[in-house]
Trainee: 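I'd like to ask you about the structure that follows.
Each chain gets a letter, A, B and so on, in the order its sequence line appears, and its residues count up from 1. Values in this document were obtained by computation on a predicted structure and should not be read as measured data.
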Protein chains: 2
Amino acid sequence: MEKNSNILVHFGIQVKFYRQQKGLSQEALAHRASLHRTYIGMIERAEKNITLLNIEKIANALEVSISQLCDNSDG
Amino acid sequence: MEKNSNILVHFGIQVKFYRQQKGLSQEALAHRASLHRTYIGMIERAEKNITLLNIEKIANALEVSISQLCDNSDG
DNA sequence: ATGTGACTTACAGTCCGTG
DNA sequence: CCACGGACTGTAAGTCACA
């Protein structure tokens, strides 16, 4: 229940979850978010400390709010 | 209606609002968040594209959720 | 269709000082 | 205390070839 503090891991998991829920491949999501396909992969694997502008791009591409991607459990 | 997409501006405004509500100076907040004092100023003025790790630091220092800092009026 | 190392360029983030 | 300029260091951004 304690978060790793690794909000990046959590973020990546959420991206992957919402992406698959929409039946999108990393490639397709990358296209919708105007980002590179390998970059999406890196985000999902929490290898990059993403910036707010790109967080928004992905949230929009996934049609979810930023809160849905970042929020853990309203800690 | 269109958002400016300027989430950075919105974020900066929220940081300033919650900071002042707690009666903290930029310096004091910087200290609590383990960030530099000039950096907090830059964020409030939307001059920097902050990363997720620092978003979390600031949210914790302000004792608010990330949603409260990022969420617009996403409909 | 995804993971990974290597790579270059742009900028996040720190520190000094001024008014 | 805060806004702002300049210089600097570290790392995110963005891409590719190949597994």
Trainee: Rounded to whole angstroms, how far apart are CD on B:E27 and C1' on C:dC16?
Mentor: 14 Å
Trainee: Determine the contact category for A:E47: base if any of its heavy atoms lies under 4.0 Å from a base atom, sugar-phosphate if only primed atoms, P, OP1 or OP2 are that close, otherwise nothing.
Mentor: sugar-phosphate
Trainee: What's the CD-P distance between A:Q26 and D:dT15, to the nearest Å?
Mentor: 15 Å
Trainee: For A:L35 and B:G41, take the nucleotide of DNA chain D holding the closest heavy atom to each; which residue's nucleotide lies nearer the 5' end?
Mentor: B:G41
Trainee: Quick one: is C:dC11 close enough that its OP1 or OP2 comes under 4.0 Å of any side-chain N or O from B:N49?
Mentor: no
Trainee: Return the value, rounded to whole Å, for the distance between atom CD1 of A:I43 and atom P of C:dT4.
Mentor: 14 Å
Trainee: Ignoring backbone atoms, test whether A:H36 places a side-chain nitrogen or oxygen under 4.0 Å from the OP1 or OP2 oxygen of D:dC16.
Mentor: yes
Trainee: If you compare every side-chain N and O of A:R19 against the phosphate oxygens of C:dT2 (OP1, OP2), does one of them come in below 4.0 Å?
Mentor: yes
Trainee: So, OP1 or OP2 of D:dC4: does either fall under 4.0 Å of a side-chain N or O from B:T38?
Mentor: no
Trainee: Think A:N54 has a side-chain N or O under 4.0 angstrom from the OP1 or OP2 of D:dA13?
Mentor: yes
Trainee: Within less than 4.0 Å of OP1 or OP2 of D:dA13, is there a side-chain N or O belonging to A:Y39?
Mentor: yes
Trainee: B:V64 versus B:I58: any side-chain heavy-atom pair under 4.5 Å?
Mentor: no
Trainee: Is any side-chain N or O of A:R45 closer than 4.0 Å to OP1 or OP2 of C:dT2?
Mentor: no
Trainee: For the backbone of B:A30 and the side chain of B:R37, can you confirm whether one donor and one acceptor N or O come within less than 3.5 Å of each other?
Mentor: no
Trainee: Using the rule that Ile, Leu, Val, Met, Phe, Trp and Tyr join whenever any side-chain heavy atoms are under 4.5 Å apart, tell me whether B:V15 and B:L53 fall into a single cluster.
Mentor: yes
Trainee: Atom CD1 of B:I50 and atom C1' of D:dG10: how far apart are they, to the nearest Å?
Mentor: 17 Å
Trainee: Does this structure show an ion pair linking A:R32 with A:E63, if we count only N-O contacts that are shorter than 4.0 Å?
Mentor: yes
Trainee: Measure the distance from CG on B:L52 to P on C:dC11 and round it to the nearest whole Å.
Mentor: 20 Å
Trainee: Ignoring hydrogens and geometry beyond distance, is the side chain of A:R37 in donor-acceptor contact with the base of C:dG3 at under 3.5 Å?
Mentor: yes
Trainee: Expressed in angstrom and rounded to an integer, what is the separation of A:M42 atom CE from D:dG14 atom P?
Mentor: 12 Å
Trainee: Could you walk me through whether B:E44 and B:Q26 pass the side-chain hydrogen bond (donor to acceptor under 3.5 Å, both in side chains) test, one step at a time?
Mentor: CA-CA 9 Å; B:E44 288 188 2; B:Q26 288 182 354; 3.2 Å; yes
Trainee: Atom CD1 of A:I40 and atom P of D:dT15: how far apart are they, to the nearest Å?
Mentor: 11 Å
Trainee: What integer distance in Å separates A:K48:NZ from C:dG3:P?
Mentor: 15 Å
